[in-house]
Amino acid sequence: MKNIIVGQSGGPTAVINSSIAGVYKKAKELGYEHVYGMVHGIEGFLNEDIIDLDDYLNDDNNYELLKRTPSAFLGSCRYKLPKIEGNEETYEKIFNILEKWEIDCLLYTGGNDSMDTIKMLSDYAASHNKPQKFMGVPKTIDNDLPITDHCPGYGSAAKYIATSLKEIIRDNASFGKSRLTVCIVEIMGRHAGWLTAAASLAKDETCEGVDAIYLPETTFDLNKFLDNIKEMAKTKSSIVIAVSEGIQTSDGKFVCELGSDDRAVDAFGHKQLSGCAATLANIVQKETGLKTRAIEFSTLQRAATHLASLTDINEAEAVGMKAVEAATNGQTGMMITLERTNNNPYECTTNIYDIHNIANVEKKVPIEWINLETNQMTDEFLKYARPLIQGELTPIFKDGVPVHLIRK
Ligand code: F6P
């Protein structure tokens, strides 16, 4: 047992760096000589763009700072490994680099697409008698990985969304009925509505909550949406609506494409979904004459480490630690999962699961957690999500702004 390497892939989260911290801590505890980091995931690894985490983390202050640093500290990528058959040279190159750097285990933090990388590498190792171990570390604000109860990154993004919506709802209610504004807030999550559903967490004794929530799990009916707004406008003095970036009309068209449909596509074939709130705000303004405002949370919701959930930070660190432990014990081609063992009080533990049943599979919000009018969440969802946003970890401030750890 000599060296271990970790990489980050896909869209960042507010806590993805806590998983890197967890990997480093456990690897050092278990006696690995070097804990390496891939710069920009497997794409950078192919160019041997590798750093030694000792250069950054062998001081407790930096370790704590890393847990409070947004984005992917190591740099991320959206790089799809080619299928093994016919592309052996790519895999030979990867295994040559692993051998050269004397790396026993490769860990990768990411979502569905990134887990595909671990699947491919462990499959290649199995069919070519290679000794290296490969382990997936879950991360995605989209919360759409199967098997695991939830994904590190989700709780913090959900906390940001709930908090920001509380603030938006207060602001939007400022002027009263004479200046009724329809505010449409767009939330990420691609084809799964977990993040948009978190808008329902804004409602409490000091907040009336959002007036409607539209998830990609149900078909978006533009006429019903407009009728609902017209009806609410008769009595309400503020209307705030949360929409997922991935909502689609019955003909399979993304709402964000109603304006134009020449969307950029990434290496995994995903269209860039944004502009849905702006499109709807324009339609509402035209059809009702009401004042509208469009807000796209965009990267803010996945970069808001200043408002991260402590539960999420701790779990992100725990999955990193567990991945090192499992790979060291000889496990490979697996992903770490979170298992909720109790909901009240909330208790959660880590486990491992075969990556072949996880990679490229999207877990959607259960339909029974959406109300019959398909525009609000049920209590079941609130019970599921509320524990995940608990706790805070105060940033370290300097000159009035949070300090971050960055690569030299
Ligand atoms: O997969 C995470 C995610 O943040 C999605 O919610 C979003 O659709 C996508 O990434 C955006 O990707 P990018 O930042 O590459 O445009």
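Keep in mind that this is a model prediction, so the values were computed, not measured. Start at 1 and go down the list; that is how both ligands and their atoms are numbered. All values below come from the heavy atoms of this structure, side chains included, with hydrogens, waters and symmetry mates left out.
Taking the ring centroids of Tyr124 and His128, they lie under the 6.0 Å cut-off. Residues Tyr56 and Phe73 bring their aromatic ring centres within 6.0 Å.
Residues passing the salt bridge (charged side-chain N to carboxylate O under 4.0 Å, His left out) test with Asp52: none are found, sequence neighbours excluded. A search for salt bridge (charged side-chain N to carboxylate O under 4.0 Å, His left out) contacts involving Glu102 returns nothing, not counting sequence neighbours.
Within the structure, ring pair (Phe, Tyr, Trp, His ring centres under 6.0 Å) contacts touching residues 272-321 (residues at least two apart or in different chains) are Tyr160-Phe297.
Within 4.0 Å of ligand 1, the residues that place a heavy atom are Arg78, Ile141, Asp142, Met188, Gly189, Arg190, Glu245, Arg302, listed by chain and number.
Ion pairing between Glu208 and Lys166 fails under the 4.0 Å rule for side-chain N and carboxylate O.
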